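Sequence lines set the chain letters: A, B, ... in the order given, protein chains first and strands last, and positions in each chain run from 1. None of the values given here were measured: they were computed from a predicted structure.
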2 protein chains.
Amino acid sequence: MTESRSTTRKSFRREGEDKRREDLIAATLECVAERGLAGATVREIALRADVTAGLIRYYFPAKDDLIGAAYRAVMNRMTVQASDALKSAADDPRDRLNAFVKANLGQPIMDPNNLSLWAGFIGMVHADPAMALAHRDGYLGFRDELEALIREALLAAGKPAEPIHTRRHAIAVNAIIDGLWLEGCLAGDIFAEGELAETGIAAIEAVLAISLNPEKGGAI
Amino acid sequence: MTESRSTTRKSFRREGEDKRREDLIAATLECVAERGLAGATVREIALRADVTAGLIRYYFPAKDDLIGAAYRAVMNRMTVQASDALKSAADDPRDRLNAFVKANLGQPIMDPNNLSLWAGFIGMVHADPAMALAHRDGYLGFRDELEALIREALLAAGKPAEPIHTRRHAIAVNAIIDGLWLEGCLAGDIFAEGELAETGIAAIEAVLAISLNPEKGGAI
DNA sequence: GCTCTAATTATGCAAGCGTATAAATACACA
DNA sequence: TGTGTATTTATACGCTTGCATAATTAGAGC
C-alpha cells in the first residue's frame, strides 16, 4: 500500500511557558546582535530558536511584544552583571563604586553585541512611546543606584553629600560611564586592556574629588 | 474625439545632481528621525522628497548608498555646528573649549532627532563594515579636534600638556560630552535649561584641573 | 488505555519591500 | 525649429514580511 500525501510533521516536545519565552528572547537578542534590528525577522528568530513562526505568535501576539521583552532582558542582564560586581567588592563604599564602574567598563557589559542591541532599541525611542517609557525607567533606576553609591563613597571619604550635589554628580558619572562604554564598544580594538576602566575611575575621582581606593586616604 | 488611454504623466522640472542628492538625503533624515531606520523606506523617502523611487535609484544605485550618505551628512552637520561655535568664541583657548562643549550640549546638536538618526546608524556598525569605517573616522576626527582644544586650554592655564595625558583627557572629555548628550537627547525634559552644559563644564574642569573661564584664573 | 486541550507545526495571505525597466519629456545645443 | 539625451515618471517583478489559520499531537488527567 503506497503512502499517500506525505504529511510528515516534525516531531516536537513541549516546553514550559517561561522557558519558551526565555529561548525566544535569547534567539531575538542573537539575531539583533548579528544583523541589527532589521535582521531580526520573525522567520530568522524562529529558525534560530528551532521553532516555527506560529509558536512565536502564540507566546508573543505581536512582534513588538517580543522586541520589547528582548530590550528589557538585555538591560536587565547588564544591570545584574553590574550588581554582581558589587557583591564581590570590599565593604568600603569607595571600593564598591570602583567595582561598579569597572564592571560597567569591562566585559561582558562593554561588548559590541550589547551596543548593537542597545542602539537598535534606542533608535526607536523617539518613535515608540512604549520604548521611551522603558528607557526612562531604566535610566532613572541606574542613576538612582549610582547616586546612592556616590553618596556613600563621599561620606566614607568624609565629604559632604547633600542631594543637590549627589544628583549632579550622578548625572556626570552616569555620562562618564555611558560615554566610555560607547567608546569601548565602538572602538574597543584601539584601547589597551582595562584602559577605559582606568580612565573612567580617574575622571570620576576628579569629579568627586575623592580617591576610589580607600587605602590612599579620603580626599584627593 | 474622446481622450484615449489616460496616460497623463506628472509634469516635472529637472534639478542639478548636487541639489537632488541633498534633497534626497534631507528627506531620508526626516524619515529616520520620525520613524526610525525601518520607517525610512524608499517609497516613504520618495514621497517626502516629492519624487519617485526610480529617481532615488538614479542618484543612489542601492538604498545602502543613500543611508550611508545620510549618516555622513548628519555627522558632518553636527561637526559644523560645533565648529561654528568656535568661530564666535573669545580667543582664549579655555573659552574656546568652553564654547565647544556648550555647543555640543545644547541645541541644535543635543536633539532627539539627532539621537534617533545616530542610534539607527550606530546599531548597524557591528553588522556593516562600511558603517563601522565611517564611524571610526568620525570618532577619531572628533577626538583629535577635542585633544587639540584641550592641549591649548591646558597650556593657556599654565599646565603641562604632554600627548600621553592629552590623549587620555580627550578620551575622558569625549565620554563626558557623549554621555551627557545621550542623557539630554533621551531625557531632556527632566533637566533644566542649560543644566547639562553646566554639568559638563564642571566635570571637564575637574578632569583637566583648570577653569574654563579665563577671568577666574589659571588652574582650579 | 482513552479523552481533552493546549502547544506546536505547516501553510497561506495580503501588503510592502528594494530593485528593474520602459517610456516620456525637459532642456541644452546647433 | 529640430535633435539628442539625460533625467524623471510610471509600472512591474520577485521576494520578504508580520500575521492568520487549520490541522496535528504531546502529554496531563482520569
Side-chain angles (χ1 to χ4, degrees), chain A residues 3-25 27-28 31-32 34-70 120 124 127-128 130-131, chain B residues 3-25 27-28 31-32 34-70 120 124 127-128 130-131:
Chain A
E3 188 168 285
S4 68
R5 295 298 306 276
S6 172
T7 56
T8 316
R9 188 166 147 136
K10 176 181 164 191
S11 70
F12 62 87
R13 296 170 47 94
R14 297 186 180 199
E15 288 282 6
E17 180 172 334
D18 288 349
K19 176 78 164 51
R20 281 292 189 204
R21 284 176 184 274
E22 282 169 25
D23 287 349
L24 290 178
I25 288 169
T28 303
C31 291
V32 172
E34 283 179 22
R35 299 146 164 266
L37 214 43
T41 61
V42 172
R43 284 168 175 82
E44 187 60 42
I45 295 166
L47 193 71
R48 188 68 62 117
D50 195 30
V51 297
T52 62
L55 183 140
I56 292 178
R57 180 171 178 74
Y58 183 80
Y59 290 97
F60 295 96
K63 186 184 174 183
D64 277 353
D65 299 334
L66 177 54
I67 296 296
M124 301 198 304
D128 184 338
M131 298 289 325
Chain B
E3 187 169 285
S4 67
R5 292 297 306 277
S6 173
T7 55
T8 315
R9 188 165 147 136
K10 178 183 165 191
S11 70
F12 61 87
R13 295 169 48 94
R14 297 186 178 198
E15 288 281 7
E17 181 172 333
D18 288 349
K19 177 76 161 56
R20 281 292 189 204
R21 285 176 184 273
E22 282 169 27
D23 288 348
L24 290 178
I25 288 168
T28 302
C31 291
V32 173
E34 281 181 25
R35 300 146 166 263
L37 214 42
T41 63
V42 172
R43 285 168 176 79
E44 187 59 43
I45 294 165
L47 193 70
R48 189 69 62 116
D50 195 28
V51 296
T52 61
L55 183 139
I56 292 178
R57 181 171 177 73
Y58 183 81
Y59 290 98
F60 295 96
K63 186 184 174 183
D64 278 352
D65 299 335
L66 177 54
I67 296 296
M124 302 198 306
D128 183 339
M131 297 289 326

Residues from residues 61-70 of chain B lying under 4.0 Å of DNA chain C - heavy atoms: B:A62, B:K63

Close approaches to DNA chain C from residues 11-23 of chain B, in residue order (heavy atom, under 4.0 Å): B:F12, B:R14

Sugar-phosphate only, base, or nothing, as touched by A:V42 at under 4.0 Å among non-hydrogen atoms: sugar-phosphate

Touch class at under 4.0 angstrom, heavy-atom based, for B:T41 against every strand present: sugar-phosphate

Residue pair A:V51, A:R20: steps toward the side chain to side chain contact (heavy atoms under 4.5 Å, CB included) verdict: CA-CA 10 Å; A:V51 297; A:R20 281 292 189 204; 3.5 Å; yes

Inter-residue atom distance B:Y59.OH - B:L24.CG, 0.5 Å rounding: 8.5 Å

Euclidean distance, A:I56 CD1 relative to A:D23 CG, rounded to 0.5 Å: 11.5 Å

Interatomic spacing from CG in B:D50 to CG in B:L55 - rounded to 0.5 Å: 10.5 Å

Rounded distance (Å) that lies between atom P of C:dG18 and atom CD1 of B:I56: 9 Å

Where B:K63 and B:T41 come nearest, the two heavy atoms and their spacing: NZ-CA, 3.9 Å

A:E34 side chain reached by A:E44 side chain, heavy atoms, under 4.5 Å: no

Approximate separation, where rounding is to 0.5 Å, of B:L37 CG and A:L37 CG: 9.5 Å

Nearest-Å distance for atom pair CG/C1', residues A:D50 and C:dT8: 12 Å

Integer-rounded Å distance: C:dC17 P and B:I45 CD1: 11 Å

5' precedence on DNA chain C between B:F60 and A:Y59 (nearest-nucleotide basis): A:Y59

Euclidean distance, atom CD of residue A:E44 to atom C1' of D:dG18 [Å, nearest integer]: 15 Å

Interatomic distance, A:L55 CG vs C:dA6 C1' [rounded to whole Å]: 12 Å

Sidechain N-carboxylate O distance under 4.0 Å for A:D65, A:R21: no

For atom NZ of A:K10 and atom P of C:dA10, their distance in whole Å: 7 Å

Proximity to the side chain of B:R9 - top-ranked nucleotide from D:dA10, D:dT25, C:dG18: D:dA10

Heavy-atom side-chain proximity of A:F60 to A:I25 below 4.5 angstrom: yes

Among C:dA10, C:dG12, D:dT9, the nucleotide that comes nearest once only the side chain of A:R43 is considered: C:dG12

